[in-house]
Amino acid sequence: MNSEVKRAGKIFQILKEEYPNAKPALNYKSPFELLIATILSAQCTDERVNIVTEKLFKKYKKPEDYIKVKNEELEKDIFSTGFYKQKAKSIKNCCSELIKKYEGKVPADFQALTKLPGVGRKTASVVAGNAFGIPSIAVDTHVVRLSNLLGFVDSNDPKKIEIKLKELLPEELWIVSSHLLMNHGRKVCIARRPRCEECIILNYCPSKYKNKVVK
DNA sequence: CTCCCGATAT
DNA sequence: ATATCAGGAG
């Protein structure tokens, strides 16, 4: 086992102690709700998505419910998450696909998820991992940022980062590792201004007090 | 690489 | 007032 792997192991061990209850920040009660919430979370904070989905999930229960309303109505209901026209289309098309191909159920398969409208690698990983327990690493902007700052990678390509993290970590840590990095990224290693003073893994961070994302 | 867009920190 | 945040599709 190389030193890179050991270092990563140490970092995630500390993060696990710091965030013992690390879980998705999105609120959901089913794979379907998680799928919708994650589509909405593109370029939007999880916090804001939760505000929107609180009402949304009371009104829309099944894929059919999203299809039968007019575009403008769905757009209004998801407005504040931004990119609402795109997202409304994605959600509607996605729901049609679910009905057509999967009897209205969310497929428990990464590749199948990726093919759904509005669902890219990150969303597919979130759903596969958190709704179905399939080992996956969701690489969102926090994971990209922290992976670079912590020196795991020198790249902004989410797929490369995902592959690298999978090499670095044992499979049972994959799902939780995303949550840990997202948690830490949101609370301490904040994009706008990293709180290096309060960072628990500062000693393992090559970017400490740099306040600037590498590359 | 550009477009899609509102919310919020500074 | 405005820079920055936050993924997917074409």
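Below, chain A is the first sequence line, B the second, and so on; all start at residue 1. The structure displayed is predicted, hence computed values, not measured ones. All heavy atoms count here, side chains included; hydrogens, waters and symmetry mates do not.
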Give a yes/no on whether any side-chain N or O of [X] is located under 4.0 angstrom from OP1 or OP2 of [N].
X        : N      : result
A:Arg192 : B:dT10 : no
A:Lys85  : B:dC4  : no
A:Thr81  : C:dA6  : no

Rounding to an integer number of Å, can you tell me how far [X] [atom1] sits from [N] [atom2]?
X        : N     : atom1 : atom2 : answer
A:Gln43  : C:dA9 : CD    : P     : 12 Å
A:Asp46  : B:dG6 : CG    : P     : 20 Å
A:Ile51  : B:dG6 : CD1   : C1'   : 12 Å
A:Asp157 : C:dG8 : CG    : P     : 13 Å
A:His142 : C:dT4 : NE2   : C1'   : 13 Å
A:Leu26  : C:dA6 : CG    : C1'   : 12 Å
A:Phe79  : B:dC4 : CZ    : C1'   : 13 Å
A:Lys89  : C:dG8 : NZ    : P     : 18 Å

Problem set entry | Nearest-angstrom distance, P atom, C:dA6 to B:dT10 |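 The same atom, P, in both gives a distance of 13 Å.
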Exercise. In whole Å, what separates the C1' atom of B:dC5 from that of C:dT2?
Worked result: 16 Å
When you measure from the side chain of [X], which nucleotide among [options] comes out closest?
X        : options              : result
A:Tyr84  : C:dG7, B:dC5, C:dA6  : B:dC5
A:Arg193 : B:dT10, C:dA6, C:dG8 : B:dT10
A:Phe83  : B:dG6, B:dC5, B:dT10 : B:dC5

Indicate yes or no: does [X] engage [Y] in a salt bridge with an N to O separation below 4.0 Å.
X        : Y        : result
A:Lys92  : A:Glu75  : no
A:Glu162 : A:Arg121 : yes
A:Lys164 : A:Glu4   : yes

At under 4.0 Å between heavy atoms, what does [X] touch on the DNA or RNA strands: base, sugar-phosphate, or nothing?
X        : value
A:Ile190 : nothing
A:Pro158 : nothing
A:Gly120 : sugar-phosphate
A:Ser90  : nothing

Exercise. Hey, does the side chain of A:Ser178 reach the backbone of A:Ala138 with a donor-acceptor pair shorter than 3.5 angstrom?
Worked result: yes
For this session: If the plane angle is over 60° it's perpendicular, under 30° parallel, otherwise tilted; pick one for A:Tyr66 and A:Phe32.
Result: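 Aromatic pair A:Tyr66/A:Phe32 classed perpendicular.
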